[in-house]
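It should be emphasised that the depicted structure is a prediction, and the values quoted were computed from it without experimental measurement. Side chains included, hydrogens not; waters and symmetry mates left out as well; all remaining heavy atoms used. Each chain gets a letter, A, B and so on, in the order the sequences are listed, and its residues count up from 1.
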Protein chains: 2
Amino acid sequence: MALKIRKNRAAPPPEGCPLSECLSIIGGAWTPNILWYLAAGPRRFSELRLDIPRISAKMLTTRLKELEARGIVTRTVVPTSPPSVEYALTAFGHELMPAITAIVEVGEKLKRRHADAEDAPQP
Amino acid sequence: MALKIRKNRAAPPPEGCPLSECLSIIGGAWTPNILWYLAAGPRRFSELRLDIPRISAKMLTTRLKELEARGIVTRTVVPTSPPSVEYALTAFGHELMPAITAIVEVGEKLKRRHADAEDAPQP
DNA sequence: CTGTATCCTGTAAGATACTG
DNA sequence: CAGTATCTTACAGGATACAG
């Protein structure tokens, strides 16, 4: 016999969800940020670029395509004088937001802890 | 002037949290899985390796060290005959779980949608 | 058992320049 | 404005072998 594993084993991540896959949705480097800004309402390409200054056009395009393919955002070409493109969250896209905000909250907690209790571990 | 940005701009991720940083906590390739299994109770190194079969020793070590450094897990050497090491979530570590479960839920939704509505976009 | 050290790879992502 | 194409780099992560 190999190893005596204790049986208090957690149920594996629900139904073969390796969780890695789940993360691949929102785990893309910039994806959370994009979703964050899109959650406030439709936004154009260049607006997003300004929202997220350090993102490159390439990355933004890539992520948006990805999200579009997954049914998380819609892409609408608005035939104005200089043609512009609007991106917006789908209904399904909005359903993802709880995960995003949960992560943000966690991030907040962590930062607070870092700033505050660097040398004072929990009692 | 550069661009007329609509003002319905989302508040940026709370307090300079680029969100990227927040994700770096749980965004590490295997971190969510580790956390998931650890949430059920303390676990030894090799138990985790069996829980997460495809993880390499190197990655597991790396992630665990990271998590320990961040005060998310504790590392306890148990001086048994063959020495073993127990990892456990700290109280703070448990606080992160909502984010993990939120992500899992999102992943579930996405999978269901994929399996079910591949050619039937939302009405 | 619990790691560490080394090597090697693929891929994500930055920079840059160009098109419709 | 809204992208695409190409090149390049950095780093995460796998495999393997070894150490305490």
Undergrad: Can you measure A:Lys65 atom NZ to D:dA2 atom P for me and round it to whole angstrom units?
TA: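 Distance check: A:Lys65 NZ to D:dA2 P gives 15 Å.
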Undergrad: Kindly give the heavy-atom pair with the smallest separation between A:Leu64 and A:Leu38, and that separation in Å.
TA: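 Heavy atoms of A:Leu64 and A:Leu38 come nearest at CD2-CD2, 4.5 Å.
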Undergrad: Could you state the atom-to-atom distance from CG of A:Leu60 to P of D:dA2 in whole Å?
TA: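 Computing the A:Leu60:CG to D:dA2:P distance gives 10 Å.
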Undergrad: In Å and rounded to the nearest 0.5 Å, what is the CG to OG1 distance from A:Leu67 to A:Thr74?
TA: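 One gets 11.0 Å once the value is rounded to the nearest 0.5 Å.
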Undergrad: Write down the distance between CD (A:Glu47) and C1' (D:dC1), rounded to a whole number of angstrom.
TA: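 Taking atom C1' of D:dC1 as the reference, CD of A:Glu47 is at 12 Å.
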Undergrad: Can you list, by residue number, the residues of residues 76-85 of chain B that have a non-hydrogen atom closer than 4.0 angstrom to DNA chain D?
TA: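 Going residue by residue through residues 76-85 of chain B, none turns out to have a heavy atom under 4.0 Å of DNA chain D.
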Undergrad: Check residues 98-107 of chain A and write down every donor-acceptor pair under 3.5 Å in which the side-chain atom is one partner and the other belongs to a residue at least two apart or another chain.
TA:
from     : atom 1 : to      : atom 2 : distance (Å)
A:Thr101 : OG1    : A:Met97 : O      : 3.3
A:Thr101 : OG1    : A:Pro98 : O      : 2.9

Undergrad: Between A:Arg49 and B:Ile55, name the one whose nearest nucleotide on DNA chain D is closer to the 5' end.
TA: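 Here A:Arg49 is the residue nearer the 5' end.
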Undergrad: Measure the distance from CD1 on A:Ile34 to P on C:dA13 and round it to the nearest whole Å.
TA: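 To the nearest whole Å, that distance equals 10 Å.
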Undergrad: Between D:dG3, D:dG13, C:dG3, spot the one nearest the side chain of B:Met59, thanks.
TA: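 Ranking D:dG3, D:dG13, C:dG3 by closest atom to the B:Met59 side chain puts D:dG13 first.
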Undergrad: Indicate if A:Tyr87 and A:Val77 have the same hydrophobic cluster label, given that clusters are the connected sets of ILVMFWY residues with side-chain heavy-atom separations under 4.5 angstrom.
TA: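 In one cluster with A:Tyr87: A:Val77, yes.
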Undergrad: Report the nucleotide, chosen from D:dG14, D:dA2, C:dT2, that has the shortest atom-to-atom distance to any side-chain atom of A:Phe45.
TA: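 In terms of side-chain proximity for A:Phe45, the closest of D:dG14, D:dA2, C:dT2 is D:dA2.
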Undergrad: Nearest of D:dG14, D:dA2, D:dG3 to any side-chain atom of A:Arg75?
TA: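 Among D:dG14, D:dA2, D:dG3, the one nearest the side chain of A:Arg75 is D:dG3.
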Undergrad: Find the distance between CZ (A:Arg70) and CG (A:Leu96) and round it off to the nearest 0.5 Å.
TA: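 Atom-to-atom, A:Arg70:CZ and A:Leu96:CG are 10.0 Å apart.
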Undergrad: Rounding to an integer number of Å, can you tell me how far B:Glu86 CD sits from C:dG3 P?
TA: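 So the two atoms are 12 Å apart, to the nearest Å.
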Undergrad: List every contact pair, protein side and nucleotides 6-8 of chain D side both N or O, where the distance is under 3.5 Å.
TA:
none

Undergrad: Take atom CZ of B:Arg54 and atom P of D:dA15, then tell me their distance rounded to the nearest Å.
TA: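 To the nearest whole Å, that distance equals 9 Å.
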Undergrad: Looking only at non-hydrogen atoms, find the nearest pair between B:Asp51 and B:Tyr37 and report the distance.
TA: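 B:Asp51 and B:Tyr37 have their closest heavy atoms at O-OH, 3.5 Å.
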Undergrad: When the distance from OH of A:Tyr87 to C1' of D:dA2 is rounded to whole Å, what number comes out?
TA: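 Answer to the nearest Å: 8 Å.
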Undergrad: Roughly, in whole Å, what's the span from CG in B:Leu64 to P in C:dT4?
TA: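 Nearest whole value for this atom pair: 10 Å.
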Undergrad: Could you work out which one of C:dC1, D:dA2, D:dG3 sits closest to the side chain of B:Ser46?
TA: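 Looking only at heavy atoms from C-beta outward on B:Ser46, the closest nucleotide is C:dC1.
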Undergrad: If you round to the nearest 0.5 Å, how far is OG1 of A:Thr62 from CE of A:Met59?
TA: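 If we round to the nearest 0.5 Å, A:Met59:CE and A:Thr62:OG1 are 4.0 Å apart.
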Undergrad: Between A:Lys65 and A:Glu68, does at least one N-O distance fall below 4.0 Å, as a salt bridge requires?
TA: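 No.
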Undergrad: Nearest to the side chain of A:Arg44, heavy atoms from C-beta on, is which of C:dG14, D:dA2, D:dT4?
TA: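 Among the listed nucleotides, the one closest to the side chain of A:Arg44 is D:dA2.
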Undergrad: Quick one: pull up OG in A:Ser84 and CZ in A:Arg44 and give me the separation to the nearest 0.5 Å.
TA: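 That separation rounds to 5.0 Å.
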